[in-house]
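The block underneath contains the structure these notes are about, expressed in structure tokens.
Side chains are part of it too, since the values below use all heavy atoms of this structure and drop only hydrogens, waters and symmetry mates.
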Amino acid sequence: MLAGDFFLVSWDATGSGKPRLHVQGVALGLAGALIGELVLHQRVTVHGVRLDVVDSRDVTDKVANQVLAEIGDSAHHTDVRTWLAYLARRSVGYVAMARHMANAGAFYTYISRGLGRPAGIAAAWVALIAYNALQVGLYGAFGAAATPLLERWLGLTPPWWLVSLVAWALVAVLGLMRVDVNGRLLAVLLTAEVAVILLFDFADLAHPAPSGFSAETLSPGALFVPGVGALLVIATLGFVGFESSVVFSEESREPRRTVPLATYSAVAIIAALYALSSWAMTVATGPANIVAVAGRDQADTVFKLAGAHLGDAVVDIARVLFVTSLFAAMISFHNTTARYFFALGRERVLPAVFGRTRARSGAPKAGSIAQSVFGLLVIVVYAAFGLDPLVQLFFYGGSFGGLGVLLLIFVTSVAVIVFFVREPGGETFARRVVAPVPAALALAVMVWLAVTNFAALLNVPQGDPLTWILPGVYGVAAVIGVIWAFILCAGQPAVYSLVGMGAKAATAQDGV
């Protein structure tokens with residue numbers, strides 16, 4: 001591809017890692033090369049300043065196909081200068097992305113760059129398993145939570161798996177659409193859910209128990225209790241998703257600015273909302289009573305507390321939003337998993353088919369379909385064997401996936417430290433040492449506590465086979481990943497050399 005060749009020529013990939021030309025010049029050159037490629041393939045013609053599509057069939061490059069589709073969808077725009085300016089603006093984001101190593105692989109990329117390619121590929125296998133477990137586990141929760149609502153309002157009592165299949169079909173379709181379409185839907189659902197949670201919190205705080213506004217339950221000393229490892233895995237599971245900003249960095253316009261802002265904002269908002277909501281419930285019941293109330297009402301605790309102050313209508317709305325929040329989480333984890341498939345397929349760690357995207361939407365096609373097929377198989381198996389969707393699918397799947405993400409976060413924190421030891425330039429001492437080192441130590445303690453308390457997390461007897469089978473799956477996956485890395489190194493050194501390189505890997509391979 002002309003664009004690939006131009007990119008390689010204009011980029012100092014082996015030296016400074018910076019463009020040889022001004023970013024705007026590189027962007028305009030890429031735009032011209034993409035149009036020129038379509039002209040050479042006789043897909044478009046240029047007469048003077050007029051640009052017309054004469055053949056809409058795909059060419060051999062996914063980026064060129066996307067450009068061809070955009071030109072075809074905007075037939076009223078025929079000025080070649082307009083298209084050059086538009087594509088150049090798009091290319092600026094692409095150049096910035098490659099310069100700062102934005103990559104849909106997230107954990108995989110960081111670990112590859114910090115601890116080496118074998119560790120990175122091992123992390124990729126672990127990530128695929130963990131995110132798939134989290135995603136499919138939500139189908140069990142969705143079916144179990146939506147069925148009582150349908151029975152109450154419509155008098156229907158469908159099996160949980162039928163309800164989950166409807167959600168599965170919607171997720172499968174949305175997974176193939178543009179990321180901004182999914183983003184808008186998630187934004188609407190998230191805004192409504194947060195608004196209701198805050199309403200519940202204010203209602204609890206407005207009706208305190210006789211003990212008043214006690215901060216006893218917020219004391220750090222309350223953490224040091226038996227089973228704290230299980231609690232930490234659940235807490236980690238509550239934060240899963242903050243790393244998704246990196247997964248979508250290649251599809252953002254300004255990843256250097258938006259990714260840190262989105263990540264820090266997500267962590268801060270999640271922490272504040274969880275802390276406020278937890279404390280508000282203890283205010284409403286009293287610190288001494290919250291355990292008894294939660295043990296009695298279990299998952300309905302938050303709804304029953306709100307119902308006493310706000311009425312049944314508001315609680316019904318909240319129950320609906322709880323179901324939609326599960327749906328939103330399914331979409332999010334589906335998209336994250338699909339992009340891990342894409343990142344590995346693009347770098348040929350997985351078959352190249354996984355590195356392909358839909359021309360019109362830019363969504364990872366094969367990765368999205370693979371995740372959907374896996375989700376369908378899980379729903380069918382659980383339905384066929386009559387397994388419990390809430391405990392054996394959602395709870396076990398969420399716990400298993402949460403442990404995997406906790407392991408990935410810990411290894412990534414170590415990779416960050418090692419990376420900046422080798423390449424300290426461009427970042428402050430606080431970012432290189434002060435923040436990551438204590439984080440790595442704290443995460444190491446959390447991993448140890450999680451593994452040693454895994455039986456309590458699953459609510460099974462100590463020594464139950466699940467307590468070693470599920471964590472052992474990650475160990476086996478990591479070993480297989482390392483072995484596969486050595487196979488690539490020996491048999492396909494060109495592919496191995498591009499592991500963790502993201503967009504640069506795709507460009508280099510197109511150039512070859």
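A distance-only check finds no donor-acceptor pair linking the side chain of Gln371 to the backbone of Gly367 [under 3.5 Å]. Under the 3.5 Å distance criterion, the side-chain polar atoms of Ser332 are left unmatched by any main-chain donor or acceptor of Ala328. Within the 3.5 Å criterion, the main-chain N or O of Asp464 finds a donor-acceptor partner in the side chain of Thr467. Arg117 places a side-chain N or O within 3.5 Å of a backbone atom of Tyr496 that can act as its donor or acceptor partner. No donor-acceptor distance shorter than 3.5 angstrom exists from the side chain of Tyr110 to the backbone of Gly120, with no hydrogens or angles considered. Trp161 places no side-chain N or O within 3.5 Å of a backbone atom of Ala384 that could act as its donor or acceptor partner. At least one donor-acceptor pair closer than 3.5 Å links the side chain of Asn132 to the backbone N or O of Leu128.
Residues satisfying the side-chain contact (heavy atoms from CB on, under 4.5 Å) test with Gln42, not counting sequence neighbours, are none. Residues passing the ring-ring contact (aromatic ring centres under 6.0 Å, His included) test with Phe394, sequence neighbours excluded: none. Evaluation of the side-chain contact (heavy atoms from CB on, under 4.5 Å) rule for Phe400 yields Ile129, Ala133, Leu470, Val473, Tyr474 as partners, not counting sequence neighbours. The salt bridge (Lys or Arg N to Asp or Glu O under 4.0 Å) check on Arg422 picks up nothing, with sequence neighbours excluded. Taking Ser112 as the reference, nothing meets the side chain to side chain donor-acceptor pair (under 3.5 Å) condition, with sequence neighbours excluded. Scanning for side chain to side chain donor-acceptor pair (under 3.5 Å) contacts around Ser372 gives an empty result, with sequence neighbours left out. Residues satisfying the side-chain contact (heavy atoms from CB on, under 4.5 Å) test with Val482, not counting sequence neighbours, are Pro118, Ala122, Phe486. Listed by chain and number, the residues in a side-chain contact (heavy atoms from CB on, under 4.5 Å) with Val479 are Ile483 (sequence neighbours excluded). Under the rule for a ring-ring contact (aromatic ring centres under 6.0 Å, His included), Phe142 has no partner lying at least two apart in sequence or in another chain. Among residues two or more places apart in sequence or in another chain, the side chain to side chain donor-acceptor pair (under 3.5 Å) test is passed with Asp55 by Arg57.
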Listed pairs under 3.5 Å, donor-acceptor, residues 402-418 side chains, sequence neighbours left out:
from	atom 1	to	atom 2	distance (Å)
Thr412	OG1	Leu408	O	2.7
Ser413	OG	Phe410	O	2.5

In residues 373-381, what donor-acceptor pairs under 3.5 Å come from side-chain atoms, sequence neighbours left out?
none

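Using modelled atom types and a 3.5 Å distance limit, the side chains of Gln135 and His334 yield no donor-acceptor pair.
Aromatic pair Phe354/Phe342: ring centres not closer than 6.0 Å.
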